[in-house]
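Whatever order the structure lists them in is the order used to number ligands and atoms, beginning at 1.
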Amino acid sequence: MSQECIFCKIAAKQIPAQIVYEDEQMLVFRDLNPVAPEHVLLIPKRHIPSLRKMAAEDQPAVNAVMAAVPQVANLLGLTEAGFRLVTNTGEDGGQTVGHLHWHLMGGRKMTWPPG
Ligand code: 5GP
Ligand code: ZN
């Protein structure tokens with residue numbers, strides 16, 4: 001756990017979040033500033049700074065996050081209409097929190113290309 005990391009603190013239940021799914025390796029909670037009717041963040045509980053910094057020993061946690069996507073989408077009611085899954089990486093990618101996370105968004109039609 002990184003002491004300064006807000007998502008590590010959420011994973012450790014040191015600061016509150018609206019948790020929608022949890023298992024040993026990962027946590028899903030609602031984004032504080034949603035940009036879609038449904039907008040949650042999927043995080044590995046272990047501190048991984050970004051997709052670029054992912055190491056071999058991080059693979060099981062990352063696999064757990066990916067494997068949970070269909071179940072989490074179903075929980076949110078995001079079924080046939082679909083959803084979008086995004087990982088921002090680094091400054092150009094628009095990453096603002098340095099703990100690997102995926103945005104799962106849905107409930108409206110997304111546009112492409114992104115900004
Ligand atoms: P990024 O910009 O790194 O891709 O995504 C970070 C996301 O985390 C943003 O969408 C932001 O709204 C969300 N966020 C930042 N701080 C908190 C927090 O303390 N609680 C929750 N639930 N979401 C947060
Ligand atoms: Zn962290």
Closest protein heavy atom to atom 7 (C) of ligand 1, given as residue, atom name and distance to 0.1 Å: D31 OD2, 3.5 Å
The Zn ion (ligand 2) - closest N/O/S atom in H47: ND1
W102 contact mode with ligand 1 (heavy-atom cut-off under 4.0 Å): neither
N/O/S atom name from H99 that is nearest to the position of the Zn ion (ligand 2): ND1
Nearest protein heavy atom with distance in Å, relative to atom 22 (N) of ligand 1: R30 O, 2.9 Å
Any G94 heavy atom less than 4.0 Å from ligand 1: yes
Part of L41 with heavy atoms under 4.0 Å of ligand 1, whether side chain, backbone, both or neither: side chain
Protein heavy atom at shortest distance from atom 19 (O) of ligand 1: I6 CD1, 3.3 Å
Parallel, tilted or perpendicular, as decided by the 30° and 60° cut-offs, for the rings of H103 and H39: tilted
Nearest protein heavy atom with distance in Å, relative to atom 2 (O) of ligand 1: T96 OG1, 2.6 Å
Note: R30-E38 ion pair, threshold 4.0 Å (strictly below): yes
R52, CZ atom: more than 12 neighbouring heavy atoms under 6.0 Å: no
K13 side, atom NZ; I19 side, atom CD1 - distance, nearest 0.5 Å: 4.5 Å
Protein heavy-atom partner closest to atom 15 (C) of ligand 1 - residue, atom, separation in Å: V97 CG2, 4.1 Å
Numbered atoms of ligand 1 (with element) below 4.0 Å of F7, judged on heavy atoms: 8 (O)
Residue-ligand contact H101/ligand 1, heavy atom below 4.0 Å: yes
Identity and distance of the protein heavy atom lying nearest atom 20 (N) of ligand 1: I10 CD1, 3.8 Å
Nearest neighbour in protein (non-hydrogen) for atom 24 (C) of ligand 1: L32 CB, 3.8 Å
ILVMFWY cluster, M110 and L104 together (side-chain gap under 4.5 Å): no
Student check: side-chain heavy atoms of V62 and I48 closer than 4.5 Å: yes
Proximity flag V86 to ligand 1, non-hydrogen atoms under 4.0 Å: no
